[in-house]
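See below for the structure under consideration.
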Amino acid sequence: MSEISEPAGPRFVFAVDLGGTHLRVGLLDDSGKIHHQIKRQTPKEDSPDAVVNALVTVADEWRRAGYGPIVASAVMVPGAVNADQSVVLQAPNLPSLINLPFKRLLQERLGWPAVLENDANAAAIGEMWRGAARGCRDVVSVTLGTGVGGGVVLDGKLWRGAHGSAGEIGHTTVDPFGGLKCKCGNTGCLELFASATAIARMARESLAQFPGTTLSAENLTAEKVYEAGRNGDELALAVFKRAGTYLGVGLANIMSLIDPEMIVISGGVVNGWDLFQAEMYREVSERAFRATAQQVKIARAECGDNAGLLGAARLAFDQMG
Ligand SMILES: [Zn+2]
């Protein structure tokens, strides 16, 4: 008697990190191992066809190479996704994707079931699956990059909110009366103080107050401010302390609202951890309930750039069953 059974072996997800500048694609198995990975420029012309064509090119290369079996694609976008995870609602860096049936387009062109997710949400799942928050059930992730993103996981599940925009921690108010305008329409958002963009802006604004600084207005980036800070530059140190102060205010608000087991901090600005953490912890301890502040762990992310790819793949495997 013979029995036909599914061949044993790993299954793979075609996971995509679709950024405004770069797109990265990884082939991940169900243990979270990344088998193949490529990084390319996001097509310059802002067109969904160009983006999908670029993905189809990679998929065809990998099919020809015999990689697989691939069971799904998982695409994370730098923006908000609607409640049934099929349409991009907001994407300041890829505006042509807005209001398209993007999930259907991906499924038709790539040939696999597709999962669509916000990048910060995917990163939260990635850190919980294979990163700093392994084993935790209630996690908030905060990404300090060009902007400030956030993802909320409650009882092991992503909390997307009633309209798909939960976790927008970067646009919670930490300075209501300072008058600084955010592109979201609010004033005093956390993103205006704790993002890489903010680090560079705050340094530029304070150049005149620190005549001894090694920084100059030309090509000022968060990385340069960080390097200067490591070398003891007073201006750079003041900027990171300011970022840490506002970040601490934001984290205390998160603790009072969610009381997570862990808050995971990721993104390029996290390199400056040693330069901002004292102010961050001080604000948290002054503002959150003492018992909460003492128990919530604040940790640096461990998956680096791969948190989103991991999280997107995990969400796809979960949906495939
Ligand atoms: Zn804002």
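Just so you know, ligand 1 is whichever comes first in the structure, and atom 1 is the first atom listed for that ligand. For reference, positions follow the sequence shown, starting with 1. Note that the structure is a prediction, hence the values are computed from the model and not measured.
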**Message:** Keeping to distances under 2.8 Å, can you name the protein N/O/S atoms close to the Zn ion (ligand 1)?
**Reply:** His171 ND1, Cys182 SG, Cys184 SG, Cys189 SG
**Transitive ILVMFWY cluster of Leu158, excluding itself - 4.5 Å side-chain cut-off** = Val115, Ile125, Met128, Val139, Val153, Met262, Val264, Leu315
**Prompt:** Residues two or more places apart in sequence or in another chain: which of them pass side chain to side chain donor-acceptor pair (under 3.5 Å) with Asp259?
**Reply:** none
**Prompt:** Going through the distances and angles, do Arg40 and Glu61 end up as a salt bridge (charged side-chain N to carboxylate O under 4.0 Å, His left out)?
**Reply:** CA-CA 14 Å; Arg40 291 189 181 163; Glu61 282 169 20; 3.4 Å; yes
**Request:** Return each pair, listed once, that meets salt bridge (charged side-chain N to carboxylate O under 4.0 Å, His left out) where at least one residue sits in residues 111-126; pairs must be two or more places apart or across chains.
**Result:** Glu117-Arg160
**Asked** Can Leu309 be reached from Leu116 by stepping across I, L, V, M, F, W or Y side chains whose heavy atoms are under 4.5 Å apart?
**Response** no
**Request:** Please confirm whether His35 and Phe12 have ring centers closer than 6.0 angstrom.
**Result:** yes
